[in-house]
Each structure stands twice: as structure tokens, then as C-alpha cells.
2 protein chains.
Amino acid sequence: MKTTIYDIAKEAGVSATTVSKVINNKGRISEKTRKKIMKIMDDLNYRPSMLASAMKGKSTYTIALLIPDIDNPIYAQYMKYIEEYGQKLGFSIVMCSTGNDREREEKHLTLLRQKSVDGFIIASLFKNETTLKQLIKEKVPLVFFNNPKIEYSIDSVIVDDYLGGYQVGEHLLSLGHKKIGVIAEEHTSSEERIRGYRQACADKGVSVDDRLIVTCDSTLEGAQIQAEKLLSKEEKPTAIFGCNDVLAIGTMQAAKAQGILIPTELSIIGFDNTMMSRIVDPPLSTVTMPLDELAKQAMDILVQKIEKNNKITQRISMIPDLVIRQTTAPVNKAVQTNFIK
Amino acid sequence: MKTTIYDIAKEAGVSATTVSKVINNKGRISEKTRKKIMKIMDDLNYRPSMLASAMKGKSTYTIALLIPDIDNPIYAQYMKYIEEYGQKLGFSIVMCSTGNDREREEKHLTLLRQKSVDGFIIASLFKNETTLKQLIKEKVPLVFFNNPKIEYSIDSVIVDDYLGGYQVGEHLLSLGHKKIGVIAEEHTSSEERIRGYRQACADKGVSVDDRLIVTCDSTLEGAQIQAEKLLSKEEKPTAIFGCNDVLAIGTMQAAKAQGILIPTELSIIGFDNTMMSRIVDPPLSTVTMPLDELAKQAMDILVQKIEKNNKITQRISMIPDLVIRQTTAPVNKAVQTNFIK
DNA sequence: TTGAAAGCGCTAACAG
DNA sequence: CTGTTAGCGCTTTCAA
């Protein structure tokens, strides 16, 4: 039999209420009884059941994180920082992978609402508008993470993907590239990154060739296939922007397989600055974001909603930063001319 | 106000008991009332509170996974497969990273027990014997994952690390290597892998030089530092066994930094077959394990314990397999002789 | 085939 | 400063 608040009460010769009060530091309790109760709780190794207190309307100190896919190390990183900071705040994180699939997203959502988790951090695509509206109406605490939902009044914490894409564009353009391929994943963040990239091109007066912008599932293999196609086009790109590191690295593999030299014959740049970008050869140029800070903000906002019932909704955006490593270089005139003939 | 079982009962003109019975498919209910109740639940979009039912002694359908560190992709993989299969079984997974730190392990443990999670899968080091014994005594459902605790009668699911180490040893030896460095992480699995490796050496009559076996924290940087030391020894190894992929890849980076050619001048082999091993250049030889199967078994055992209160304890061990890629090659006689002079 | 009543472990009025 | 009482939403005897 697990020890309950009553066991403590009985042992201390007081009522359960009193014990509850000392547990929660509420009301006024004489220092004497408080000490006594504390000691007994300690002796009996008593731990209050969070289930029971949650039933009385308190929070469960559990939040759910929805991510598309752990295989992409960037999502593992989301998890890492969110869990780390959650730990500090006393929250547990339940991990839900969704594959960006609406059904799986919803299944997690309803299941976890039944379990009364306090809130949700959503990095998964989450395209279902009906459900989303429903959640907002029911005031379920949630914050979108690196997943802009500009059409809705919803809390979100994001890196400025648009700016990141712009930086990539500028960088590539400054290196003299004009034929630039883009491999994107089906996610709002990719879209924003591309939007930024396009703007950079527009600002420099370089026209973008839409046929060079392709989408694929966010796997090494998927990217490899798309990159191969891109690289066997007549109007072969001299640079490719992978909208995340996995995509960029898949592209590197495709290039290597075709004997294309990086960065001499092809510049490649990624996004996310995952550990992978440091271990490939040559090390991948990419874009980094302040993930720890993003995670912290997301948790803070959520906890505000949960504990203080905070009503204001905010949209926090952080600045990304280029990390130039060794996969980007000035366009190789020789190759270009050779190709144009 | 959330709809409760009573709202349904009232609407249907029956008692809460009856509703409860149809929810749980218990007792005998006329097909008519059952249909009626079902319909009303559906109309009102009723979802039973798992908190309340958990308070009556039912399970929470939540299990906790303790891992050392998400930064190592192999642990992200553990998470992935466990969560995936958990999803199928209707269980949510709460992720706890511990850094192999006893205090953090215990904090998670007590917190989650207060939250009444149904059980624990432990991949984290977990050296605290007192706590462990306590958990066993209290019959907390738990299974150790790739984390052999041979001294205790505890359920565990592991890859046969000993055999994996043996395979690595055999492979390296068959390539003619005699001076082999080993970089290990502080974890039971590393110890087993080394034990297997030693046995292989013994079987081939090759003596192992203990000064070539070193330990470090499981980071790229840590491994790099240790590898540098190893590679600047007089008795420089011709091959290095990284007890996991991170360690092996850190070693690759150290070698590259020193201009050492892989595999011509130095063979390197890892363990875990993470995605990283495929993207480094040259691709890393390593050892693979049937993670999906391991995860499945671990969950199945745990669920047996939770739902059927299964008493028997089992230790499941699966066979790993060498994946020879391009970082291992026959020892380079030239280098050897050159070195010996 | 159905329901009344008790209770899981805790907290929040309210009274004393 | 402390205790009584009621109740969160559900399940489980036991009786009808």
C-alpha cells in the first residue's frame, strides 16, 4: 500500500488538510507542526500523487512535443533543448513523432488531452485547420515551434527563416552563382526560407529558375534522388541550397556519386547547423539558429499560459546566422564556360 | 465545462455505471442501450479522463525512457523505435535525458513515479544500486535497454555487445592489425564490447596493449582529444576501435587533422551503425543492431509486466552484425616498417 | 441488465 | 492556526 496524505496525517495527529497545506506551502501553519509533518513525510518517504492533485484541477506538469521525425537530427535537438529546460522547470516532456501525418497528429493530440497534459509544443506540420481552430476555441495551451502559422493568432517561437533564406541567397550570389538549385522539404519553414532566398535574388537582380526548385521528403535518399535529377539537367546548377542539413548532405552524396567536386564544381549549403554538418567532408556551410534560446522561450510562453493563465499571444522570432564552412566557393568559371561552350 | 461520464449518463437516461461499462466493454449491457450510449458519446465528443480512471488503479498508458544524451544519434534512435512501437500499443513515451548522472536519473524516477507512469525503460547508465534494489523490491515495472545489469535479476533487452566486440576484433585482426587502439565510453555496453574484443585477440594469440585502451565522454571533441593522444604515441596504433560511432568519427576527425590517411594509414571502426556512419567520408565500418526488434521486445516485456502483471524476468539478447564500409583495410606494411625502422 | 454507493488521494471552502 | 466537509471523474462491488 502506497502511503497517502492520510497516513501522514494520522501519524502526525493532524488532519489531511494540514498536511496538504504544508505540502503546498499554503495557509498558516505553526512552525512546530510544519516541522513535525515534514519529518514524518521524510521518514515515510512520502511522495504526493500528482494524479490526485491533477484531478483537483492542478496541472500535470507534463507537456507534449510534436515533431515530424526523429531521424532528422534537428528535431532531436528540439527535443533536447526543450526537455533540458523543461527539466529545470519541473516539467516532463512526452515525445510524439508524427511524420507530419494529420491522423497521427490528431491521435496524439486527443490521447494526450485525455491524459490532461498541460500543453503542446508543435513543431510538426499540423495542417488541419479545423482541429487547430477547435484547439484555439477550447483555449488549449499551445505554442508553435519553428513552424510559422501566420494566418492564426497563435503563440509561436521561430527562427526567422525568411532572413536565413535571404542570407543564403546573398552568400551564394556574392560568390557569383547564378544557376542555383533548391531542394526543399514540405514544411512551412522551407517555404519561408525559399521566400527569403527569392528576395535576395530579386534584390541582386538575378532571376530565379523555378524548375531548379524541387521538393522531397526529408531523407538522405530523397534528397539524393532529387539532387541527381538537378545535376543531370542541361542547365545544371553551380550551387544547391538544401533547405535543411539532411537535404544538403543528401545532395553532397549525389554530387560525390557523380564525381562532381565540392565546392570547386558545385557549391552546397544547408540549414540548421546540425552535428552532421561538421562531420561531412568537406564540412558543410549552413545556417545556425539559437535553439536553446528558442526552446527556452517556447517553454516560458507555454508555462505562462498554463500557470498564470496568460492571455496575450506572442510571436517571437530570432535571428539565424550563416556558418560558412567549406562547401561553398566562388563559381568556377571554367566549368561554367565549359558547360556553355 | 468538460463533459463527464455523468453528462452522458443523464443524456442517455442511465447511470454512470452503465456508461462506464460500455466504455470498458464490461458486464452485460443490452445492445440497445449500448448503441444509444455510444451515439451520445460520439455526439458530445466525449473522451473519458484517463486521470480519473488511473486514480482507480488503472494504468496511465505512459512509460518513461531514460537515455544518457540525445546528442548521440543512437539514443535518438532508441527513442524513435520505442515511441513508434509504443504508439501502436497506445502508450505515450516521456523522454528523460540524464547525462548518466545519478542525481538526474533519480529525479526523473521519483517525479515520474509520482505521476504514476506505468513503467520505465532504462538505457541510462544507472549505477545507483540502492535505488535499483528499492525499485525491484517495490516491483516497479522496468526493463534495461542495451544496458546489461548482469548482477541483478532484472528484465533486459540487449544487443550482444560481447559478440559485437568480438566481431570487431576478428575483423581488425584478419586485416593484419596488431596495434589496435580502443576508445570507449563509460557505459556497460562499452565494457562488454571491449571484453569481446579482448577475447578475439586472445583467440588469435595477439596480446592487447592496455595503454591503447582509453575512455572519454561520448562526444566528438572528447574522442578527438583521446584519438590525438593515441596517434601521437610512439607505439602508434594502426587501427582504432571506437566503441560507438560518435567516438569513431571523432577519431576520424583527429586523423584527418593530422593528415593521416584513412584507411591506408589508419583503420577505424565504430559501433551502432547510425546515420552518421553513412555520411562521413570515407563511410565508416561499424556494427549494426536490430534496434526495431530490440525496442519491440522491450516494450512487449514491459507491457506484459504492466497489464498481465507478469512475474517472470527475462534477458533477451540479439545478435549484432558487422557492416564493413571503407574505413577498414589491411594494415599498411610500409607504414609499419617505416615506423619500426 | 442496470444502478446506488463507496472510494481512489488530494484540495478548497468554510467554520471554528 | 487547524479541521470538517464535499467533490474532482471514474470504477467497482453488491444488490435489485
Side-chain angles (χ1 to χ4, degrees), chain A residues 1-38 40-41 44-62 110-118 307 309, chain B residues 1-38 40-41 44-62 110-118 306-307:
Chain A
M1 267 281 301
K2 220 184 153 274
T3 53
T4 77
I5 205 169
Y6 282 100
D7 301 325
I8 307 295
K10 194 190 292 173
E11 190 70 20
V14 297
S15 77
T17 311
T18 311
V19 179
S20 172
K21 280 180 184 149
V22 345
I23 293 173
N24 299 293
N25 280 311
K26 275 195 173 175
R28 355 203 119 276
I29 306 286
S30 75
E31 202 45 34
K32 205 174 126 205
T33 37
R34 139 177 249 91
K35 279 264 163 60
K36 188 173 175 187
I37 290 173
M38 296 281 254
I40 294 177
M41 292 200 298
L44 270 58
N45 207 340
Y46 167 72
R47 306 272 171 229
S49 152
M50 300 192 78
L51 277 192
S53 78
M55 276 222 44
K56 295 292 308 187
K58 302 215 146 182
S59 46
T60 53
Y61 291 96
T62 304
T110 53
L111 179 60
L112 288 165
R113 290 189 63 193
Q114 284 184 246
K115 293 187 185 176
S116 307
V117 302
D118 297 330
E307 301 197 326
N309 196 19
Chain B
M1 266 283 299
K2 218 183 155 276
T3 52
T4 78
I5 203 169
Y6 281 100
D7 301 325
I8 307 295
K10 195 189 292 174
E11 190 71 20
V14 298
S15 76
T17 311
T18 311
V19 179
S20 172
K21 279 179 183 150
V22 346
I23 293 173
N24 299 292
N25 280 312
K26 277 195 172 173
R28 356 203 118 275
I29 307 287
S30 75
E31 201 46 34
K32 205 174 127 204
T33 39
R34 138 179 249 91
K35 277 267 165 57
K36 189 173 174 187
I37 290 173
M38 295 283 253
I40 294 176
M41 292 201 297
L44 270 57
N45 207 342
Y46 167 72
R47 307 272 171 228
S49 152
M50 299 192 78
L51 278 191
S53 78
M55 276 222 45
K56 297 292 310 184
K58 301 215 148 181
S59 46
T60 53
Y61 291 95
T62 305
T110 53
L111 179 60
L112 288 165
R113 289 188 65 193
Q114 285 185 245
K115 295 188 185 175
S116 307
V117 303
D118 296 330
I306 294 164
E307 301 196 326

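Here is the naming used below: chain letters follow the sequence lines, and residue numbers restart at 1 for every chain.
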Exercise for review: Go through the structure and list residues passing side-chain contact (heavy atoms from CB on, under 4.5 Å) with A:Leu111, not counting sequence neighbours.
Suggested key: A:Lys115, B:Met50, B:Ser92
Point to revise | Distance in angstrom units between A:Ile23 CD1 and C:dG9 P, rounded | key: 13 Å
Point to revise | Check: D:dT2 base within 3.5 Å donor-acceptor of A:Thr33 side chain | key: no
Exercise for review: Check whether the side chains of B:Thr17 and B:Ser20 place a donor and an acceptor atom closer than 3.5 Å, and report yes or no.
Suggested key: no
Check your understanding: Less than 4.5 Å apart, any side-chain heavy atom of A:Arg34 and any of A:Asn25?
Key -> yes
Review point. Of all of residues 45-61 of chain A, which get a heavy atom below 4.0 angstrom from DNA chain D, listed by number?
Key: A:Met55, A:Lys56
Exercise for review: Can you tell me the distance, in whole Å, between the CD1 atom of A:Ile29 and the C1' atom of D:dC1?
Suggested key: 7 Å
Exercise for review: Ignoring backbone atoms, test whether A:Lys26 places a side-chain nitrogen or oxygen under 4.0 Å from the OP1 or OP2 oxygen of C:dA12.
Suggested key: yes
Point to revise | From CD1 (A:Ile23) to CD1 (A:Ile5), nearest 0.5 Å | key: 4.0 Å
Check your understanding: Between the base of C:dA12 and the side chain of A:Ser20, is there any donor-acceptor pair under 3.5 Å?
Key -> no
Review point. A:Thr18 has a side chain; which of C:dC10, D:dG3, D:dG9 sits nearest to it?
Key: D:dG3
Practice item. Using side chain to side chain contact (heavy atoms under 4.5 Å, CB included) as the criterion, point out the one residue from B:Thr33, B:Ile37, B:Val14, B:Ile29 that pairs with B:Lys21. Key: B:Ile29
Practice item. Kindly indicate whether the side chain of A:Lys58, heavy atoms from C-beta on, has any atom under 4.5 Å from the side chain of A:Asn24. Key: yes
Practice item. Could you state the atom-to-atom distance from CD1 of B:Ile37 to C1' of C:dT1 in whole Å? Key: 11 Å
Check your understanding: For A:Gly27 and A:Tyr6, take the nucleotide of DNA chain D holding the closest heavy atom to each; which residue's nucleotide lies nearer the 5' end?
Key -> A:Gly27
Exercise for review: Verify the contact: side-chain N or O of A:Thr17 to OP1 or OP2 of D:dG3, cut-off strictly under 4.0 Å; return yes or no.
Suggested key: no
Practice item. Report yes if some heavy atom in the side chain of A:Met55 is under 4.5 Å from a heavy atom in the side chain of B:Met55; otherwise report no. Key: yes
Practice item. Give one of base, sugar-phosphate or nothing for A:Ser30, where a contact means two heavy atoms less than 4.0 Å apart. Key: sugar-phosphate
Point to revise | Neighbour count above 12 (heavy atom, 6.0 Å) for B:Lys2 NZ | key: yes
Review point. Nearest-Å distance, CG (B:Asn24) to P (D:dC10)?
Key: 11 Å
Check your understanding: When the distance from CD1 of B:Ile5 to P of C:dG7 is rounded to whole Å, what number comes out?
Key -> 19 Å
Exercise for review: Indicate the atoms forming the closest heavy-atom contact of A:Ala9 with A:Ala16, along with that distance.
Suggested key: CB-N, 3.7 Å
Check your understanding: Whole-Å distance between C:dA12 P and A:Asn25 CG?
Key -> 13 Å
Point to revise | Rounded interatomic separation in angstrom, taking NZ from A:Lys21 and C1' from D:dT4 | key: 11 Å
Check your understanding: Once you build an axis from the first five pairs and another from the last five of the helix from C:dT1-D:dA16 to C:dG16-D:dC1, how far apart in angle are they, to 10 degrees?
Key -> 40°
Review point. Once you round it to whole Å, what is the distance between P of C:dC10 and NZ of B:Lys115?
Key: 16 Å
